[in-house]
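Per chain, numbering begins at 1; letters A, B, ... match sequence-line order.
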Amino acid sequence: MPELPEVHTIASDLKKHIIGFRITEVDIVNNYRVEPDAKTFKKALLQQTITDVHRVAKNILIQLESGDYFRVHLAMTGQVFLRSEKDIVPRWTRVLLRLSRNTDTKTIFFTDMRMFGKHAIISAEEVILLKKRYGPEPIPQSDITYEEFHKRITSKRTNIKNVLLDQSIISGLGNIYATDALFLAKVHPETLANKLNPDTTKKLLDAAKQVLSEGIENRGSTLSDKMYLDIFGKEGFHQNHFKIYGKTECPVCKTKVEYKKISARGTYFCPNCQQLKND
DNA sequence: ATGTTTGTTCCGAT
DNA sequence: CATCGGAACAAACA
């Protein structure tokens, strides 16, 4: 589902195509929950010109001329589609924005099959607070040192897979990229985080940066459920470049890949390449 | 029909 | 009190 590379692809494509457009209509379908409430939400968006689009962790922030931001978190099944035809409404549409610039008109459709996503109007101050809730961004310009990463990782007493998914430790990794990063770094997902040495956490940070960068280069991962598509409805390519996720045989040593639920998340690992070292 | 899917939050347990 | 594990959330698909 959308992790950093998918959200990054959506946000950067949106940035290229909606800056300078004015929001002329806001529709909330079937009382879909928005924050702080529907009336405030609509009022904050209507007639505003879009000045910029950012990504913060797995959030998309659409900046308005008022200085406020439209925050979208896609959670597991959120999608964003940008279309010029206005009559075809995608399935599971919850919010739509009509845009116009001179004679050019477009519509952004926000869909969310399972409705776990978040759509909110937030102030510039709240953006600062939002960023504070998250750990450092691993890419593209990483502001985290190996020492800092080591400290953050080993501060936790749970297994390393859980820690990588903890957005307050490091932001952007979800189940797929965390699984692949662990494989690249040759770390067993059930290794206790506080047992990792600096050499291993260095490898892990490098691996995380690598899988996320590759994910972005490949415009994200589209699985068979097609829940991730870009804003034009096109699939990503990174699913063709997974290291271990979804595989049955280790690409390095051909050992049979193990699949195990770790904290209720499907985790693939090579029992040979990723040996458990918990003493 | 029921189990599986997962990002985040919340709650009970440790 | 802080931290951790796991349930809950909603909806579609196999």
side-chain N/O A:K118 vs B:dT8 OP1/OP2, d < 4.0 Å: no
Closest to the A:Q167 side chain, choosing from C:dA12, B:dT8, B:dG7: B:dT8
Shortest side-chain distance from A:R91, nucleotide among C:dA12, C:dC4, B:dT8: C:dA12
4.5 Å side-chain heavy-atom contact, A:H17 and A:F232: yes
Given C:dG5, C:dA12, B:dT8, the nucleotide with the shortest approach to the side chain of A:R265: B:dT8
Sugar-phosphate, base or nothing in reach of A:K226, heavy atoms under 4.0 Å: nothing
Sugar-phosphate only, base, or nothing, as touched by A:Y259 at under 4.0 Å among non-hydrogen atoms: sugar-phosphate
Side-chain donor or acceptor of A:E3 paired with backbone N/O of A:G174 under 3.5 Å: yes
Sugar-phosphate, base or nothing in reach of A:T158, heavy atoms under 4.0 Å: sugar-phosphate
A:D37 atom CG, over 12 foreign heavy atoms within 6.0 Å: yes
Sugar-phosphate, base or nothing in reach of A:N162, heavy atoms under 4.0 Å: sugar-phosphate
Rounded distance in Å between the P positions of C:dA7 and B:dG3: 14 Å
Minimum-distance nucleotide to A:M115 side chain [options: C:dA11, C:dC4, B:dG7]: C:dA11
Selection from C:dC13, B:dG7, C:dC4 that lies nearest to any side-chain heavy atom of A:R157: C:dC4
Exceeds 12 heavy-atom contacts within 6.0 angstrom, atom OH of A:Y32: yes
Sugar-phosphate only, base, or nothing, as touched by A:Y32 at under 4.0 Å among non-hydrogen atoms: nothing
Contact under 4.0 Å: A:K261 side-chain N or O vs C:dG6 OP1/OP2: no
